[in-house]
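Basis for what follows: all heavy atoms, side chains included, without hydrogens, waters or symmetry-related copies. All figures in this text were calculated on a predicted structure; none of them were measured in a lab. All chains are named by letter (A, B, ...) in the order of the sequence lines, taking the proteins before the strands, and each is independently numbered beginning at 1.
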Protein chains: 2
Amino acid sequence: MQHETTPRDTKAAIHRAALELFSGQGYEKTSLREIAEQVGITKASLYYHYSSKQELLRAIIGTFIEDVRSVMAGSDELEWSPESQRELLGGYADVIIKHRTTGPTLTRDIGAVIAALDEDLGDLIATSRRFQLWLAGPNPTLADRLRAAAAIECLGAALSITPDDDVPESEIRNTLLEAALAVLASRTPPTN
Amino acid sequence: MQHETTPRDTKAAIHRAALELFSGQGYEKTSLREIAEQVGITKASLYYHYSSKQELLRAIIGTFIEDVRSVMAGSDELEWSPESQRELLGGYADVIIKHRTTGPTLTRDIGAVIAALDEDLGDLIATSRRFQLWLAGPNPTLADRLRAAAAIECLGAALSITPDDDVPESEIRNTLLEAALAVLASRTPPTN
DNA sequence: GTCTATAGTCGGATAGAC
DNA sequence: GTCTATCCGACTATAGAC
C-alpha cells in the first residue's frame with residue numbers, strides 16, 4: 001500500500017509493450033519514446049527499469065534463448081539413435097511453439113538480436129552447430145548436413161502461423177515433427 | 001576516354017557495396033554514409049544515382065522478387081499433379097539458389113523489404129498464398145497447408161549455406177528438393 | 001519512481017558551386 | 001557527376017528537480 005501502482009507492474013508492462021511493438025514493427029523502428037508512451041510513462045522512467053534498449057531486447061529474447069540452448073545441449077549428452085533424434089527434434093518443436101509470440105521479433109530483426117547476444121553468441125552458434133551435426137546422424141555426408149538444416153527450418157514454419165488460423169498446438173507439433181523427420185529420412189533421390 | 005572512371009561503374013559499385021553491407025549488418029544498421037564511404041564518394045553523389053535509400057533496396061531485391069513471382073504464378077496456370085508439383089517446387093529452388101547472395105538481406109530485414117515493396121506487396125502475398133495452397137494439393141486439410149509451408153521453409157535452407165562449405169549447387173538443389181517433397185508426402189503420423 | 005529538460009549524435013535528404 | 005555545406009528530424013542517454 002505504499003504506491004498506487006504495484007512496483008513490479010511497471011517493469012512487466014514495459015516488457016509487454018516492448019514485445020508487442022517489436023513484433024509489430026521491428027526492433028529498430030521502435031523507439032523508446034513509443035514504448036514509454038504505450039505504457040503511460042516517459043522515456044526517462046523507462047531507463048530506471050532497463051538501462052538500455054538492448055537490455056530490454058535481451059530480457060525479451062532471454063528465456064527463449066535459454067530454452068533453445070537447453071534443448072540443443074541435449075545432443076551433447078544423448079547418444080544418437082532414431083529415438084533420441086525424434087525426442088530432441090520434438091523438444092525443439094516444443095520450444096519454438098511455446099515462444100511463438102517472440103517469433104516475429106526474432107525473425108524480423110536478427111541483426112539486433114545478434115548484437116544483443118554479444119558474448120553469448122559464440123556459445124550459441126557452437127551449440128547450434130553441434131546440434132545440427134548430431135541431428136545429421138553418424139558419419140554424415142554434406143547432403144546429410146543439408147537435410148539436418150532443412151529439418152530445422154521446417155520446424156520454423158510454426159512461427160509463420162498467423163493467429164487467425166487457429167490450429168491446435170498439438171496438431172502443429174505433430175505435423176511439423178513428422179515433416180522434419182521425413183526430411184531427415186529423404187536420402188537417395190528416386191529419379192534424378 | 002571522357003572520364004577516368006566509366007560512368008556506369010559508379011552505379012554498379014554502389015549496388016555492390018550496398019548489397020555487401022546490407023547482407024553483413026542489415027539494412028537499418030547500414031547508413032548511406034557507410035555505403036558512400038566504401039565506394040569512395042560522398043552521400044550527396046549517391047543521391048545522383050539513387051533517389052533514396054529505399055530505391056537502392058528495391059534495386060537489390062527487385063530481380064529476385066520478379067523471379068519468385070514468376071515461378072509462383074505458374075501455379076495459376078498449371079493443373080495440380082505430382083509431376084507439376086515437383087516441377088514448380090524445383091523452379092522455386094532454382095530461384096532461391098540463384099539469388100543466394102541476396103538472401104541475407106531478405107532474411108535479416110524483412111520489415112524493410114516489406115516497406116520497400118509497398119504497393120507490390122499485396123500482389124506478392126496473394127500470389128504466395130495461392131502458390132502455397134496449390135502446393136498443398138486438392139482439397140487440402142489444415143495439416144496439408146502446414147506441410148506446404150514447411151516444404152517452402154525447407155528450400156529456404158539454401159540461404160543458410162555458408163560460403164566456406166562449397167557444396168555444388170546441383171547437390172543443394174537435389175537434396176533440398178527431395179527433402180521438400182518428402183515433407184509434402186509426410187501424412188498420417190505412424191505412432192502419435 | 002517519475003518527471004522536465006537537454007545534451008549529443010547520427011540519420012536521410014537537399015541546394016548549389018564546380 | 002561529384003563535391004561542400006547544411007537542414008531537419010529522431011534517436012539514445014543523462015542530469016537533476018520533485
When you check the side-chain N and O atoms of B:Thr102 and B:Thr105, is any donor under 3.5 Å from an acceptor?
no
Between A:Tyr48 (OH) and D:dA13 (C1'), how many Å, whole number?
18 Å
When rounded to whole Å, the OH to P distance for the pair A:Tyr50 and C:dG1 reads 13 Å
Return a single string for nucleotides 12-18 of chain C, one symbol per nucleotide in 5' to 3' order, where B is base contact, S is sugar-phosphate-only contact and - is none, cutoff 4.0 angstrom on heavy atoms.
BBBB---
Taking NZ from A:Lys29 and P from D:dT12, how many angstroms apart are they, rounded to a whole number?
14 Å
Between CG of A:Leu56 and C1' of D:dA13 the distance, given in whole Å, is 15 Å
Less than 4.0 Å between a side-chain N and a carboxylate O, is that true for A:Glu83 and A:Arg86?
no
Distance test, side-chain N/O of B:Ser45 to OP1/OP2 of D:dC3, below 4.0 Å:
yes
Lys/Arg-Asp/Glu bridge criterion (N-O < 4.0 Å) met for B:Arg33, B:Glu37
yes
Salt bridge B:Glu153-B:Arg147, side-chain N to carboxylate O under 4.0 Å
no
Mind running side-chain contact (heavy atoms from CB on, under 4.5 Å) on B:Lys53 and B:Tyr27 for me, showing each step along the way?
CA-CA 9 Å; B:Lys53 195 183 179 185; B:Tyr27 174 78; 3.4 Å; yes
Exercise: do B:Thr30 and B:Glu34 side chains pair donor with acceptor under 3.5 Å:
no
Just N and O in the side chain of B:Thr42: are any of them under 4.0 Å from OP1 or OP2 of D:dC3?
yes
